[in-house]
Engineer: 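Here's a structure for you.
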Amino acid sequence: MNQLRSYLFSVVAVAAMMVVPAQAQEVNETKLTEGVYMLEGQGGTMMLVTTETRTVLIDAQYAQMAERIGAKVGELGHVPLTYLINTHFHGDHVGGNGYMGSELGAKIIAHKNVRTRLEADEDFDAAGLPTILADNSLTLDLGGHTLTLVHYPTAHTDGDMVIWVEGENIVHLGDLFFVDRFPFIDLSAGGTVQGFIDAIADLLVLLQDDTQIVAGHGGLASKRDLQRVHDMIVATQQQVKDWQAAGAGVDNMVDTGLAEEWESWSWNFINEDRWIRTLYNDLNPRSE
Ligand SMILES: [Zn+2]
């Protein structure tokens with residue numbers, strides 16, 4: 001039953017992430033440094049990096065946002081879109097892939113597991129499949145800016161890549177970072193709670209106090225914000241371990257609830273109930 005529930009939750013969670021609001025929204029930019037912008041619209045936060053010879057977009061939200069995103073890229077970019085990088089395969093980050101590939105002619109870059117997962121989805125527009133595939137890491141010299149992509153293998157999914165803008169103290173963490181919210185960890189797609197904690201711990205060593213961090217959900221944030229996420233996950237995971245050691249079932253855990261200090265981390269997608277079940281299901285994986 002727990003196994004089934006875990007599976008159903010994952011399917012429902014991903015489906016919820018794919019729900020597209022009725023109307024497209026504006027795309028707003030925040031300049032991070034010369035030629036580097038954070039873009040926000042509807043879905044995962046994007047980043048644009050443009051030089052005299054290359055323009056790169058990181059993530060592409062939903063299909064219905066694609067034209068507006070494309071217009072913003074045209075407005076800010078020094079040259080037409082060269083590459084689109086996907087931080088991972090979820091629908092609120094790859095929905096605009098087809099448009100960026102077929103209409104704007106961008107080459108699409110992602111971790112190889114992203115390609116595998118998108119290929120398995122028969123509803124996904126084949127024009128939006130990544131064709132440049134990274135494994136552990138990849139460096140892109142854009143002539144003026146250099147991007148380094150680094151894979152974290154078992155965090156939010158099995159295909160997460162973070163993107164550093166070298167020498168600029170800027171990084172896009174994709175969905176390894178939900179600011180002040182319980183994170184979505186996609187256990188059905190290779191994500192794990194420990195892998196998520198380890199990825200954040202690894203990043204905290206590399207980040208500086210004044211690094212500009214683009215979070216997949218929550219916009220521009222700081223190392224201190226990420227430390228808070230780390231501490232929340234470690235504390236709540238320990239709580240679930242303690243409850244389990246004392247013989248409680250997951251429904252008892254949900255009924256008891258987490259300490260009051262974590263109440264504000266609930267949001268419409270991952271509320272406290274779902275977060276506790278994620279922690280529990282991660283510790284008690286279904287056997288396959
Ligand atoms: Zn995601």
Side-chain angles (χ1 to χ4, degrees), residues 10-31 37-50 55-77 80-111 114-132 156-157 159-161 163 172-175 177-179 181 183-184 186 188-189 214-220 267-270:
S10 297
V11 170
V12 168
V14 173
M17 211 78 171
M18 309 278 251
V19 168
V20 182
Q23 282 203 317
Q25 289 177 1
E26 295 297 313
V27 176
N28 297 310
E29 79 266 20
T30 303
K31 186 174 181 178
Y37 301 86
M38 176 175 75
L39 302 183
E40 295 176 284
Q42 200 172 56
T45 314
M46 300 172 289
M47 191 161 82
L48 181 75
V49 182
T50 186
T55 296
V56 180
L57 178 66
I58 297 165
D59 281 346
Q61 302 196 331
Y62 297 106
Q64 68 167 13
M65 290 294 294
E67 281 184 44
R68 291 189 183 200
I69 297 166
K72 185 60 79 175
V73 170
E75 181 191 314
L76 298 173
L81 190 61
T82 320
Y83 300 119
L84 167 65
I85 300 170
N86 292 140
T87 58
H88 65 293
F89 82 103
H90 284 152
D92 55 327
H93 299 257
V94 303
N97 272 31
Y99 181 89
M100 303 303 159
S102 59
E103 300 299 319
L104 301 189
K107 297 254 187 303
I108 304 174
I109 302 173
H111 188 266
V114 171
R115 161 100 192 191
T116 304
R117 292 192 179 279
L118 292 178
E119 230 168 7
D121 176 1
E122 43 188 52
D123 294 330
F124 191 78
D125 179 358
L129 287 173
T131 55
I132 301 175
H156 172 67
T157 66
D160 304 297
M161 285 196 307
I163 294 98
H172 190 308
L173 295 192
D175 280 4
F177 199 177
F178 290 70
V179 182
R181 299 171 178 178
F184 174 41
D186 193 346
S188 73
V214 176
H217 298 275
L220 196 58
W267 56 300
N268 57 359
F269 182 41
I270 307 292

Engineer: Restricting to side chain to side chain donor-acceptor pair (under 3.5 Å), what partner residues turn up for Asp59, sequence neighbours left out?
Structural biologist: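 So Asp59 forms a side chain to side chain donor-acceptor pair (under 3.5 Å) with Thr87, His93.
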Engineer: Identify the two heavy atoms, one from Met38 and one from Thr45, that lie closest to each other, and give their separation to 0.1 Å.
Structural biologist: CG-CG2, 3.5 Å
Engineer: Measure from the side-chain N and O atoms of Gln61 to the backbone N and O of Gly44, and report whether any donor-acceptor pair falls under 3.5 Å.
Structural biologist: yes
Engineer: Return the minimal non-hydrogen interatomic distance between Glu119 and Leu129, and the atom names on each side.
Structural biologist: N-CD2, 3.8 Å
Engineer: Please name all residues satisfying side chain to side chain donor-acceptor pair (under 3.5 Å) with Thr55, sequence neighbours left out, ordered by chain then number.
Structural biologist: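 Expected list: Thr50.
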Engineer: Once you round to the nearest 0.5 Å, how far does CG of Asn97 lie from CG of Leu57?
Structural biologist: 9.5 Å
Engineer: Going by ring-ring contact (aromatic ring centres under 6.0 Å, His included), name the residues that satisfy it together with His111, two or more places apart in sequence or in a different chain.
Structural biologist: His151
Engineer: Please answer whether the main-chain N or O of Phe184 pairs with a side-chain N or O of His156 as donor and acceptor at a distance below 3.5 Å.
Structural biologist: yes
Engineer: Using the test side chain to side chain donor-acceptor pair (under 3.5 Å), find all partners of Arg181 that sit at least two apart in sequence or belong to another chain.
Structural biologist: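 Listed in chain order: nothing, the list is empty.
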Engineer: Please table the atom pairs, donor to acceptor, closer than 3.5 Å between any side-chain atom in residues 100-108 and protein atoms at least two apart or in another chain.
Structural biologist:
unit_1: Ser102; atom_1: OG; unit_2: Gly98; atom_2: O; d: 2.8

Engineer: First locate atom CG of Asp175, then atom NE2 of His88, and finally report the distance between them rounded to the nearest 0.5 Å.
Structural biologist: 3.5 Å
Engineer: Hey, could you give me the CG/CG distance between Leu84 and Asn86, rounded to the nearest 0.5 Å?
Structural biologist: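 So the gap between those two atoms works out to 5.0 Å.
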Engineer: Of all residues at least two apart in sequence or in a different chain, which pass the salt bridge (charged side-chain N to carboxylate O under 4.0 Å, His left out) check with Arg68?
Structural biologist: Glu26
Engineer: Only one of Leu76, Val214, Val49 forms a side-chain contact (heavy atoms from CB on, under 4.5 Å) with Tyr37, so which one is it?
Structural biologist: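 The passing option is Leu76.
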Engineer: Taking the side chain as every heavy atom from C-beta outward, state whether Phe124 and Val94 have any pair of such atoms under 4.5 Å apart.
Structural biologist: yes
Engineer: What's the separation between atom CD1 in Ile132 and atom OH in Tyr83, rounded to the nearest 0.5 Å?
Structural biologist: 5.5 Å
Engineer: When rounded to the nearest 0.5 angstrom, what is the spacing between CE in Met161 and CD1 in Ile109?
Structural biologist: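 That separation rounds to 8.0 Å.
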Engineer: Do His217 and Phe269 have ring centres separated by under 6.0 Å?
Structural biologist: no
Engineer: Mind listing the closest non-hydrogen atom pair of Pro130 and Leu118 along with its distance?
Structural biologist: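 Reported closest heavy-atom pair: CD-CD1, 3.9 Å.
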